[in-house]
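The structure under discussion appears below in the form of structure tokens.
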Amino acid sequence: MDLDVDDIKIDGRLVRDIDRDPVHRALTESIHPIAGVMGRKTIAEFVESSAVLASLQDIGVHYGQGYHLGRPCEISAVTPEASDLATG
């Protein structure tokens, strides 16, 4: 099966309780190696605590998104070159 995607994002409904819910952890542990076989990286949503982050690191998930890692901000705050994107 060939999916026309760059990466595989793991839904936050699975991720947010991964440190306490063995089913959510097992599902994430299943998704990550499948993405690897496909040659894709994994991205976890809703990384809201250090415990969730540690669980994802144990599994080997490549990237994370969530308030524990950083709050949303304007693109120009990340890098000055990105302000060109906002102004067109």
TODO: Indicate, with yes or no, if Leu14 and Ile43 share a hydrophobic cluster defined by side-chain heavy-atom contacts under 4.5 Å among Ile, Leu, Val, Met, Phe, Trp and Tyr.
DONE: no
TODO: Please name all residues satisfying salt bridge (charged side-chain N to carboxylate O under 4.0 Å, His left out) with Asp11, sequence neighbours left out, ordered by chain then number.
DONE: Arg13
Task: Where at least one partner belongs to residues 38-59, residue pairs that pass ring-ring contact (aromatic ring centres under 6.0 Å, His included), sequence neighbours excluded - done: none
Open item on the list: Which residues pass the side-chain contact (heavy atoms from CB on, under 4.5 Å) test with Ala26, not counting sequence neighbours?
Closed with: none
Task: Taking every non-hydrogen atom, the tightest pair across Ile8 and Arg40 - done: CG1-CB, 3.9 Å
- [ ] Under the side-chain contact (heavy atoms from CB on, under 4.5 Å) rule, collect the residues that match up with Ile34, sequence neighbours excluded.
- [x] Met38
Sequence neighbours left out, cut at 3.5 Å: what donor-acceptor pairs do the side chains of residues 59-72 make with other protein atoms?
| from | atom 1 | to | atom 2 | distance (Å) |
| --- | --- | --- | --- | --- |
| His62 | ND1 | Thr42 | N | 3.0 |
| His62 | ND1 | Thr42 | OG1 | 3.2 |
| Gln65 | OE1 | Lys9 | NZ | 3.1 |

Task: salt bridge (Lys or Arg N to Asp or Glu O under 4.0 Å) contacts in which one or both residues fall within residues 20-37, not counting sequence neighbours - done: Asp17-Arg20, Arg25-Glu29
Open item on the list: Quick check on the hydrophobic clustering: are Ile10 and Val37 connected, directly or via other members, by side-chain heavy-atom contacts under 4.5 Å?
Closed with: no
